[in-house]
Novice: 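Here's a structure for you.
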Amino acid sequence: MNNAIRETLVSRVSANRFVPGQTLDEHTIQELVAQATRAPTAWNLQNWRFVAVQSQDAKTRLRDAAFGQQKIVDAAVAFVICGMLDDAPKLAARLQPSVDAGLLPADVAAAWAEHARAGHMHNSSARRDEAIRSASLAGMALMLAAHGMGLDSCPMSGFDAHQVREALGLADDALPVLIVAVGRATADQGPQKHRRPVAEVLQIL
Ligand SMILES: Cc1cc2nc3c(=O)[nH]c(=O)nc-3n(C[C@H](O)[C@H](O)[C@H](O)COP(=O)(O)O)c2cc1C
């Protein structure tokens, strides 16, 4: 087992409070998102969009759409991770760089593109499931990236997706799945909370 990854997994916590007034520079924001996009997606669809909310004005609007949760304003940046609902028709173009690099046979890419298109075209719940899966994996990756860069984070689903869309002017096909607040936790932050025993959650068949 890779100890660095284990250490990160067992020591990451959801920040209770952030020290207000902190900021992240644009390079750091880009690096966090670059690492988050290393998360896998079905067919490598990459059906996500990251909105880095850092201005006071936008953070206040986001907080109001998130049941007034103050940590959104106190965090340096609140990343709204959206799963994109209508991305399947874009898959062929997104796979082309892998085809060009010899990482994916052209016929496999074409089959994936058709599979995604046919599977998603008339199935809104499949599109939504895929959007939630992709954004969730990206959210976890972003939190691990933040941890690796010495930053604290908190995942949040306590928001009204419709209000978030309105507050940030998101496109209709962007489903806000998760907010990941990133910044510096206050000194009174406790350790990671207890988890259920493995024996209770694991079934080996
Ligand atoms: C999907 C999801 C939604 C969450 N929503 C919120 C939230 O809206 N506000 C909040 O303060 N914490 C939120 N949390 C943080 C959880 O309460 C926290 O991860 C859990 O208590 C375990 O704490 P730990 O990560 O520090 O061990 C959320 C976590 C997840 C995974």
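Computed from heavy atoms alone, side chains included, the values below leave out hydrogens, waters and symmetry copies. Read the numbers this way: they start at 1 and go in the same order the structure lists the ligands and their atoms.
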Novice: Val177 and Ala131: which non-hydrogen atoms are nearest, and at how many Å?
Specialist: CG2-O, 4.1 Å
Novice: To the nearest 0.1 Å, how far is atom 26 (O) of ligand 1 from its closest protein heavy atom, and which atom is that?
Specialist: Ser14 N, 2.8 Å
Novice: Considering all heavy atoms of both residues, which atom of Gln69 and which atom of Arg63 are nearest to each other, and what is their separation?
Specialist: O-CG, 3.3 Å
Novice: Going by atom types only, do Ser125 and Asn123 share a side-chain donor-acceptor pair under 3.5 Å?
Specialist: yes
Novice: Has ligand 1 got any nitrogen or oxygen that is less than 3.5 angstrom from a nitrogen or oxygen of Pro155?
Specialist: yes
Novice: With atoms numbered from 1 as shown, which atoms in ligand 1 lie under 4.0 angstrom from a non-hydrogen atom of Val13?
Specialist: 26 (O)
Novice: Considering only heavy atoms of Lys71, which atoms of ligand 1 have at least one such atom less than 4.0 Å away?
Specialist: 10 (C), 11 (O)
Novice: Under 4.0 Å from ligand 1, counting heavy atoms only, is it the side chain of Ala66, its backbone, both or neither?
Specialist: neither
Novice: For ligand 1, which atoms sit closer than 4.0 Å to a heavy atom of Gln69?
Specialist: 7 (C), 8 (O), 9 (N), 10 (C), 11 (O)
Novice: Will you find, in the side chains of Asp57 and Ser55, an N or O donor that is under 3.5 Å from an N or O acceptor?
Specialist: no
Novice: Using a 4.0 Å cut-off to any heavy atom of Arg195, which atoms of ligand 1 qualify?
Specialist: 22 (C), 24 (P), 25 (O), 27 (O)
Novice: For salt bridge (Lys or Arg N to Asp or Glu O under 4.0 Å), just list the numbers for Arg94 and Asp87, CA-CA rounded to whole Å, side-chain angles, deciding distance to a tenth of an Å, and then say yes or no.
Specialist: CA-CA 10 Å; Arg94 289 183 186 169; Asp87 270 13; 2.7 Å; yes
Novice: Any protein heavy-atom neighbour for atom 17 (O) of ligand 1 (distance below 4.0 angstrom)?
Specialist: no
Novice: Nearest heavy atom to atom 23 (O) of ligand 1: which of Gln192, Lys193, His194 does it belong to?
Specialist: Lys193
Novice: Just jot down the ligand 1 atoms closer than 4.0 angstrom to any heavy atom of Arg12, in number order.
Specialist: 25 (O)
Novice: Give me the residue, atom name and distance of the protein heavy atom closest to atom 3 (C) of ligand 1.
Specialist: Ser157 OG, 3.1 Å
Novice: Under a 4.0 angstrom heavy-atom cut-off, which atoms of ligand 1 come close to Gly158?
Specialist: 8 (O)
Novice: Can you see which heavy atom on Leu175 is nearest to which on Arg165, and at what distance?
Specialist: CA-NH2, 3.9 Å
Novice: Do Asn3 and Glu7 have side-chain N/O donor and acceptor atoms under 3.5 Å apart?
Specialist: no
Novice: Taking CD in Glu200 as the centre, count heavy atoms belonging to other residues, nucleotides or ligands within less than 6.0 Å. Is the count above 12?
Specialist: yes
